[in-house]
Amino acid sequence: MSNTSGWSLTARLISKHFGVLGDKLSETIANFDPETATEADRDRLQSTLRETAQKLAAARASFNKEHQDVVNLQNLIANDQKATETLMARLQAGTISEATVTLFCDELEANKAKLPTEQQQEADAKQYADELQQIMDALSKQLADFDSAAKKALQTLATAQAQKDLQEMRMERQSELDGLKGLGGQSTALSALTRRAQTVSNQAAGLKIVADIGQKPIDQAAEIDAIRKSVAQADTANETALDRLKRLSA
């Protein structure tokens with residue numbers, strides 16, 4: 001049986017066993033697509049599954065009762081059939097009344113006539129339970145398919161989100177690196193500091209020039225004085241004691 005025919009059969013069974021709501025439910029289950037279904041669709045299926053489970057439990061209990069009734073009736077008929085030989089012997093011996101035997105025969109014939117009806121009820125109960133089980137199986141499969149599709153969708157979403165986070169992190173790091181590179185070559189603050197240092201250096205060079213100009217006469221006077229002192233020292237370096245006395249007394 002193909003999956004499509006399987007869903008169609010299940011839909012017909014739902015229509016059969018769920019009364020007025022059956023048509024709508026059968027349409028829902030027949031058209032259910034786990035790839036496009038919503039959570040509301042799943043909730044409706046799950047609700048139908050719970051209702052079907054309750055019906056199935058009652059159907060199984062009914063079948064068990066019908067089956068036991070058939071078994072009990074069959075056993076009763078079998079035992080009564082065995083008892084007929086004993087009753088015939090007692091009737092011939094005059095130890096049992098004909099009226100009692102007649103009543104026994106009436107009950108045996110009634111039970112035999114009743115057995116096919118009981119067996120049909122048992123078969124109907126089994127068929128009902130089997131059909132509800134088919135509905136349960138179909139609903140369970142559809143819910144499992146939905147959950148599987150939802151799980152795959154969540155996994156795909158998680159993978160996409162992880163990729164998005166990774167790319168955002170890479171862009172953030174690249175932005176930080178670009179900012180650091182800008183500080184190294186194009187920072188306005190560093191450029192301003194460089195220009196300020198150059199200005200101060202130029203000012204210091206200018207002041208040095210001015211200082212050098214003012215210092216030059218002083219250096220020249222000191223140089224002349226040093227010359228004088230060296231000449232004076234040279235004049236007295238070779239004087240005799242007599243010359244020194246003359247110089248000091250002058």
Side-chain angles (χ1 to χ4, degrees), residues 1-57 130-212:
M1 180 184 295
S2 65
N3 189 50
T4 301
S5 62
W7 294 142
S8 298
L9 173 60
T10 305
R12 290 197 298 273
L13 294 177
I14 289 180
S15 297
K16 175 182 177 182
H17 296 300
F18 283 75
V20 178
L21 294 177
D23 292 337
K24 188 172 182 179
L25 290 172
S26 63
E27 182 179 350
T28 299
I29 189 173
N31 297 329
F32 185 83
D33 178 11
E35 298 294 337
T36 59
T38 65
E39 191 66 27
D41 295 327
R42 185 189 188 280
D43 290 342
R44 283 193 293 272
L45 285 176
Q46 192 170 41
S47 177
T48 306
L49 180 65
R50 286 194 296 267
E51 185 177 352
T52 305
Q54 294 173 355
K55 287 178 175 290
L56 178 59
D130 290 344
E131 290 175 352
L132 289 175
Q133 183 64 59
Q134 284 183 279
I135 296 173
M136 282 285 297
D137 293 342
L139 290 172
S140 298
K141 183 180 186 306
Q142 287 187 322
L143 285 173
D145 290 344
F146 176 90
D147 291 339
S148 177
K151 182 178 179 180
K152 290 180 180 177
L154 290 175
Q155 290 174 340
T156 301
L157 178 61
T159 300
Q161 185 62 47
Q163 287 294 327
K164 178 176 177 290
D165 294 342
L166 174 61
Q167 296 306 321
E168 288 180 347
M169 182 178 64
R170 292 181 64 191
M171 292 178 64
E172 182 179 351
R173 288 177 176 174
Q174 187 61 47
S175 178
E176 291 177 355
L177 291 174
D178 291 342
L180 292 175
K181 291 177 181 178
L183 288 175
Q186 300 178 357
S187 172
T188 55
L190 288 179
S191 297
L193 286 174
T194 302
R195 290 194 299 271
R196 177 62 178 164
Q198 186 61 48
T199 300
V200 173
S201 177
N202 293 339
Q203 291 175 348
L207 291 174
K208 183 177 183 300
I209 292 172
V210 174
D212 288 346

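The residues of the chain are indexed from 1 along the displayed sequence.
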| For residues 165-175, which residue pairs qualify under salt bridge (charged side-chain N to carboxylate O under 4.0 Å, His left out), counting only residues two or more places apart or in two chains? |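 Qualifying pairs, neighbours excluded: Lys164-Glu168.
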[atom1]/[X] to [atom2]/[Y] distance, rounded to the nearest 0.5 angstrom?
X	Y	atom1	atom2	answer
Leu132	Asp137	CG	CG	11.0 Å
Glu39	Arg44	CD	CZ	11.0 Å
Ser140	Gln46	OG	CD	10.0 Å
Phe146	Asp43	CZ	CG	8.0 Å
Gln133	Thr52	CD	OG1	10.5 Å

| field | Met171, CE atom: more than 12 neighbouring heavy atoms under 6.0 Å | value |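 Incorrect, the count does not exceed 12.
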| task | For the pair Asp145 and Lys141, find out whether any cationic side-chain nitrogen is under 4.0 Å from an anionic carboxylate oxygen. | result |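 A salt bridge links Asp145 with Lys141.
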| Partners of Gln54 by side-chain hydrogen bond (donor to acceptor under 3.5 Å, both in side chains), sequence neighbours excluded? |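 For Gln54, no residue satisfies side-chain hydrogen bond (donor to acceptor under 3.5 Å, both in side chains) once neighbours in sequence are set aside.
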| query | Any side-chain heavy atom of Gln142 within less than 4.5 Å of one from Leu49? | reply |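 Result no, sub-4.5 Å side-chain heavy-atom pair not found.
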